[in-house]
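In what follows, a structure is listed as C-alpha coordinates, so that the remarks can point back to it.
Both counts, for ligands and for their atoms, begin at 1 and track the order of listing.
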Amino acid sequence: MKKITLGVLVSGSGSNLQAIIDNIEAGLLSAEIKIVVSNEPEAYGLVRAENHHIGTMVINHRDYDSREGFDQGLVTALKENGVELVILAGFMRVITPTFLTAFPNRVLNIHPALLPSFPGVHVWQEAIDYGVKFSGCTVHFVDEGTDTGPIIIQSAVPVLDDDDVASLSARILKQEHKIYSRAIQLFAQDRLEIVGRRVKILPLDKTLSSTFLTNPRLEEV
Ligand code: GRF
(Lines give C-alpha, C1' and ligand atoms only; values in the text may rest on other atoms or scores of the structure.)
Protein backbone atom coordinates (compact mmCIF):
# COMPACT_ATOMS: atom_id res chain seq x y z
CA MET A 1 0.00 0.00 0.00
CA LYS A 2 1.15 3.45 -0.90
CA LYS A 3 2.13 5.66 2.03
CA ILE A 4 0.30 8.95 2.30
CA THR A 5 2.60 11.94 2.67
CA LEU A 6 1.89 14.23 5.61
CA GLY A 7 2.74 17.79 6.53
CA VAL A 8 2.21 18.43 10.24
CA LEU A 9 1.62 21.95 11.55
CA VAL A 10 2.36 22.61 15.24
CA SER A 11 2.58 25.60 17.56
CA GLY A 12 3.53 23.97 20.84
CA SER A 13 4.40 20.75 22.63
CA GLY A 14 3.64 18.42 19.74
CA SER A 15 2.56 15.38 21.75
CA ASN A 16 0.04 14.51 19.02
CA LEU A 17 2.87 14.76 16.48
CA GLN A 18 4.90 12.40 18.69
CA ALA A 19 2.07 9.85 18.78
CA ILE A 20 1.83 9.93 14.97
CA ILE A 21 5.62 9.52 14.63
CA ASP A 22 5.54 6.58 17.07
CA ASN A 23 2.71 4.86 15.21
CA ILE A 24 4.46 5.29 11.86
CA GLU A 25 7.69 3.88 13.32
CA ALA A 26 5.74 0.97 14.82
CA GLY A 27 4.39 0.13 11.35
CA LEU A 28 0.82 0.94 12.35
CA LEU A 29 0.30 3.91 10.06
CA SER A 30 0.80 3.89 6.28
CA ALA A 31 2.19 7.40 6.25
CA GLU A 32 5.37 9.39 5.97
CA ILE A 33 5.84 12.84 7.51
CA LYS A 34 7.53 15.00 4.88
CA ILE A 35 7.78 18.20 6.89
CA VAL A 36 6.83 19.66 10.29
CA VAL A 37 6.09 23.38 10.17
CA SER A 38 5.65 25.69 13.13
CA ASN A 39 4.66 29.34 13.37
CA GLU A 40 6.43 29.44 16.75
CA PRO A 41 10.25 29.18 16.59
CA GLU A 42 10.41 27.73 20.12
CA ALA A 43 7.76 25.03 19.64
CA TYR A 44 8.92 21.77 21.21
CA GLY A 45 7.24 19.93 18.34
CA LEU A 46 10.15 21.02 16.15
CA VAL A 47 12.59 19.29 18.50
CA ARG A 48 10.49 16.12 18.45
CA ALA A 49 10.64 16.10 14.63
CA GLU A 50 14.39 16.72 14.55
CA ASN A 51 14.89 13.86 17.03
CA HIS A 52 13.35 11.58 14.39
CA HIS A 53 15.23 13.13 11.44
CA ILE A 54 12.11 14.73 10.01
CA GLY A 55 12.55 18.03 8.16
CA THR A 56 11.32 21.15 9.96
CA MET A 57 10.55 24.71 9.00
CA VAL A 58 9.55 27.83 10.93
CA ILE A 59 7.08 30.08 9.15
CA ASN A 60 6.38 32.88 11.59
CA HIS A 61 3.00 34.56 11.14
CA ARG A 62 4.50 37.76 12.59
CA ASP A 63 6.58 38.11 9.41
CA TYR A 64 3.46 38.47 7.24
CA ASP A 65 1.11 41.42 6.71
CA SER A 66 -1.98 39.28 6.18
CA ARG A 67 -3.39 35.88 7.09
CA GLU A 68 -3.59 35.07 3.37
CA GLY A 69 0.09 35.86 2.87
CA PHE A 70 1.02 33.63 5.82
CA ASP A 71 -1.19 30.83 4.51
CA GLN A 72 0.34 31.13 1.04
CA GLY A 73 3.76 30.72 2.66
CA LEU A 74 2.54 27.54 4.37
CA VAL A 75 0.99 26.18 1.18
CA THR A 76 4.17 26.76 -0.80
CA ALA A 77 6.28 24.95 1.80
CA LEU A 78 3.87 22.02 2.02
CA LYS A 79 3.54 21.66 -1.77
CA GLU A 80 7.31 21.88 -2.28
CA ASN A 81 7.67 18.97 0.13
CA GLY A 82 5.12 16.82 -1.68
CA VAL A 83 2.51 16.88 1.10
CA GLU A 84 -0.83 15.22 0.30
CA LEU A 85 -2.57 15.51 3.68
CA VAL A 86 -2.15 18.34 6.18
CA ILE A 87 -2.35 17.54 9.89
CA LEU A 88 -3.07 20.39 12.29
CA ALA A 89 -1.66 19.24 15.63
CA GLY A 90 -2.02 22.01 18.16
CA PHE A 91 -1.60 24.65 15.45
CA MET A 92 -2.89 27.87 16.96
CA ARG A 93 -3.66 29.86 13.80
CA VAL A 94 -6.95 30.04 11.90
CA ILE A 95 -6.70 28.64 8.38
CA THR A 96 -8.03 30.81 5.52
CA PRO A 97 -9.73 29.80 2.25
CA THR A 98 -6.34 30.36 0.56
CA PHE A 99 -5.11 27.29 2.42
CA LEU A 100 -8.25 25.20 2.02
CA THR A 101 -8.42 25.81 -1.73
CA ALA A 102 -4.90 24.42 -2.06
CA PHE A 103 -5.78 21.30 0.00
CA PRO A 104 -9.52 20.66 -0.54
CA ASN A 105 -10.80 18.10 2.01
CA ARG A 106 -7.17 17.39 2.81
CA VAL A 107 -6.72 19.21 6.09
CA LEU A 108 -7.45 17.46 9.40
CA ASN A 109 -7.64 18.93 12.89
CA ILE A 110 -7.96 17.52 16.39
CA HIS A 111 -10.02 19.36 18.98
CA PRO A 112 -10.07 18.53 22.73
CA ALA A 113 -13.85 18.43 23.15
CA LEU A 114 -16.84 16.60 21.74
CA LEU A 115 -17.82 18.99 18.94
CA PRO A 116 -20.09 20.79 18.36
CA SER A 117 -19.85 21.38 22.13
CA PHE A 118 -17.08 23.70 23.24
CA PRO A 119 -15.38 24.92 20.07
CA GLY A 120 -12.57 27.45 20.46
CA VAL A 121 -9.69 27.54 22.91
CA HIS A 122 -10.49 27.39 26.66
CA VAL A 123 -12.47 24.22 26.21
CA TRP A 124 -11.48 22.16 29.27
CA GLN A 125 -12.50 24.86 31.77
CA GLU A 126 -15.69 25.49 29.80
CA ALA A 127 -16.59 21.81 29.96
CA ILE A 128 -15.94 21.70 33.72
CA ASP A 129 -17.86 24.93 34.36
CA TYR A 130 -20.82 23.80 32.26
CA GLY A 131 -21.05 20.61 34.29
CA VAL A 132 -21.00 18.07 31.47
CA LYS A 133 -20.43 14.50 32.64
CA PHE A 134 -18.53 13.53 29.50
CA SER A 135 -16.10 15.37 27.29
CA GLY A 136 -13.52 14.03 24.86
CA CYS A 137 -11.90 14.80 21.55
CA THR A 138 -12.82 15.08 17.90
CA VAL A 139 -10.87 14.60 14.67
CA HIS A 140 -12.52 16.48 11.81
CA PHE A 141 -11.96 17.79 8.33
CA VAL A 142 -11.20 21.49 8.42
CA ASP A 143 -13.63 23.84 6.70
CA GLU A 144 -13.90 27.62 6.70
CA GLY A 145 -15.40 27.82 10.19
CA THR A 146 -13.70 27.34 13.54
CA ASP A 147 -13.98 23.68 14.60
CA THR A 148 -17.02 23.18 12.36
CA GLY A 149 -15.87 20.71 9.68
CA PRO A 150 -17.25 17.17 9.11
CA ILE A 151 -16.44 14.86 12.02
CA ILE A 152 -14.34 11.74 11.39
CA ILE A 153 -13.88 10.19 14.85
CA GLN A 154 -14.70 11.14 18.43
CA SER A 155 -13.68 9.60 21.72
CA ALA A 156 -15.46 10.30 25.02
CA VAL A 157 -14.02 10.45 28.53
CA PRO A 158 -15.78 11.07 31.85
CA VAL A 159 -15.54 14.44 33.57
CA LEU A 160 -14.99 13.73 37.27
CA ASP A 161 -16.20 15.82 40.20
CA ASP A 162 -12.70 16.83 41.26
CA ASP A 163 -11.34 17.48 37.75
CA ASP A 164 -9.36 20.61 36.99
CA VAL A 165 -7.98 21.65 33.59
CA ALA A 166 -4.79 19.65 34.12
CA SER A 167 -6.49 16.35 35.00
CA LEU A 168 -9.21 16.62 32.34
CA SER A 169 -6.86 17.69 29.55
CA ALA A 170 -4.47 14.83 30.39
CA ARG A 171 -7.33 12.30 30.21
CA ILE A 172 -8.48 13.71 26.87
CA LEU A 173 -4.95 13.91 25.46
CA LYS A 174 -4.49 10.14 25.91
CA GLN A 175 -7.47 9.61 23.62
CA GLU A 176 -6.23 12.23 21.15
CA HIS A 177 -3.05 10.24 20.73
CA LYS A 178 -5.10 7.20 19.70
CA ILE A 179 -7.78 8.63 17.45
CA TYR A 180 -5.65 11.01 15.38
CA SER A 181 -3.56 8.15 14.00
CA ARG A 182 -6.70 6.10 13.46
CA ALA A 183 -8.28 8.90 11.41
CA ILE A 184 -5.12 9.39 9.35
CA GLN A 185 -4.98 5.66 8.64
CA LEU A 186 -8.61 5.67 7.49
CA PHE A 187 -7.79 8.55 5.15
CA ALA A 188 -4.69 6.76 3.88
CA GLN A 189 -6.82 3.69 3.15
CA ASP A 190 -9.26 5.88 1.20
CA ARG A 191 -12.07 4.87 3.55
CA LEU A 192 -13.52 8.29 4.36
CA GLU A 193 -16.48 9.47 2.31
CA ILE A 194 -17.86 12.95 3.02
CA VAL A 195 -21.61 13.12 2.49
CA GLY A 196 -22.82 16.59 3.41
CA ARG A 197 -21.86 17.07 7.05
CA ARG A 198 -21.40 13.35 7.63
CA VAL A 199 -18.27 11.28 7.13
CA LYS A 200 -18.97 7.66 6.28
CA ILE A 201 -16.29 5.13 7.18
CA LEU A 202 -16.13 2.61 4.36
CA PRO A 203 -15.24 -1.04 4.97
CA LEU A 204 -11.68 -2.13 4.44
CA ASP A 205 -10.99 -3.29 0.90
CA LYS A 206 -9.92 -6.89 1.54
CA THR A 207 -8.43 -7.19 -1.92
CA LEU A 208 -5.63 -4.81 -1.02
CA SER A 209 -2.63 -6.76 0.17
CA SER A 210 -0.18 -4.95 2.35
CA THR A 211 1.54 -5.66 5.60
CA PHE A 212 -0.08 -2.55 7.01
CA LEU A 213 -3.57 -3.57 6.01
CA THR A 214 -3.25 -7.11 7.27
CA ASN A 215 -1.64 -6.08 10.52
CA PRO A 216 -4.28 -6.79 13.17
CA ARG A 217 -2.70 -4.25 15.51
CA LEU A 218 -3.80 -1.56 13.08
CA GLU A 219 -7.33 -1.70 14.42
CA GLU A 220 -5.99 -1.06 17.92
CA VAL A 221 -4.54 2.35 17.08
C1 GRF B 1 -4.34 19.32 21.89
O2 GRF B 1 -5.14 19.32 23.02
C3 GRF B 1 -5.17 19.49 20.65
O4 GRF B 1 -6.42 18.90 20.76
C5 GRF B 1 -5.31 20.97 20.56
O6 GRF B 1 -4.07 21.48 20.96
C7 GRF B 1 -3.44 20.54 21.82
C8 GRF B 1 -2.10 20.23 21.22
O9 GRF B 1 -1.32 19.40 22.03
N10 GRF B 1 -5.72 21.35 19.23
P11 GRF B 1 0.07 18.84 21.49
O12 GRF B 1 0.87 20.06 21.00
O13 GRF B 1 -0.19 17.87 20.40
O14 GRF B 1 0.71 18.23 22.71
Side-chain angles (χ1 to χ4, degrees), residues 6-25 29 31 33 35-52 54 56-61 71 74 85-96 99-100 103 107-129 132 134-159 163-185 187 221:
L6 308 179
V8 184
L9 305 191
V10 299
S11 298
S13 155
S15 70
N16 276 287
L17 165 67
Q18 186 68 57
I20 293 165
I21 292 172
D22 293 345
N23 282 323
I24 290 173
E25 291 185 354
L29 241 181
I33 300 175
I35 185 93
V36 172
V37 183
S38 178
N39 62 314
E40 296 289 355
E42 302 301 323
Y44 188 64
L46 294 169
V47 177
R48 294 183 191 269
E50 284 157 13
N51 287 343
H52 292 263
I54 296 167
T56 62
M57 193 178 280
V58 174
I59 301 183
N60 193 330
H61 60 281
D71 274 8
L74 292 173
L85 179 66
V86 181
I87 304 299
L88 307 185
F91 185 62
M92 301 306 285
R93 304 299 299 171
V94 172
I95 295 294
T96 67
F99 196 108
L100 295 172
F103 290 97
V107 184
L108 306 188
N109 183 45
I110 189 152
H111 182 76
L114 294 176
L115 293 171
S117 294
F118 311 118
V121 280
H122 304 293
V123 299
W124 307 279
Q125 191 64 55
E126 285 174 12
I128 292 167
D129 290 347
V132 292
F134 287 90
S135 189
C137 46
T138 304
V139 181
H140 63 93
F141 285 100
V142 175
D143 67 7
E144 292 181 15
T146 302
D147 303 324
T148 53
I151 291 169
I152 301 170
I153 306 185
Q154 296 184 299
S155 179
V157 304
V159 180
D163 264 335
D164 56 16
V165 169
S167 61
L168 179 59
S169 63
R171 192 176 306 121
I172 292 173
L173 201 55
K174 272 191 189 171
Q175 297 305 309
E176 294 185 35
H177 295 164
K178 293 181 182 173
I179 68 170
Y180 217 170
S181 290
R182 180 87 184 108
I184 295 166
Q185 183 65 4
F187 189 100
V221 171

Q | Expected output: side-chain S181 to main-chain K178 donor-acceptor under 3.5 Å | A | no
In the protein, what heavy atom is nearest to [atom], and what distance, to one decimal place, separates them?
atom: atom 12 (O) of ligand 1; result: G14 N, 2.7 Å
atom: atom 1 (C) of ligand 1; result: E176 OE1, 3.1 Å
atom: atom 7 (C) of ligand 1; result: G90 CA, 4.2 Å

Q: Run the contact test for I110 against ligand 1 with a 4.0 Å cut-off on heavy atoms, strictly below, and give the result.
A: yes
**Q.** Any N or O of N16 closer than 3.5 Å to N or O of ligand 1
**A.** yes
Q) Which of the atoms of ligand 1 are close to S15, meaning less than 4.0 Å from one of its heavy atoms? A) 11 (P), 12 (O), 13 (O), 14 (O)
(Q) Just to verify, what does S167 make a side-chain hydrogen bond (donor to acceptor under 3.5 Å, both in side chains) with, not counting sequence neighbours? (A) D163, D164
Q) Can you name the residues that form a side-chain hydrogen bond (donor to acceptor under 3.5 Å, both in side chains) with E126, not counting sequence neighbours? A) none
**Q.** Distance-minimising heavy-atom pair for V36 and G45
**A.** CG1-O, 4.4 Å
Q: Give the intermediate values and the outcome of side-chain hydrogen bond (donor to acceptor under 3.5 Å, both in side chains) for residues S13 and R48.
A: CA-CA 9 Å; S13 155; R48 294 183 191 269; 3.2 Å; yes
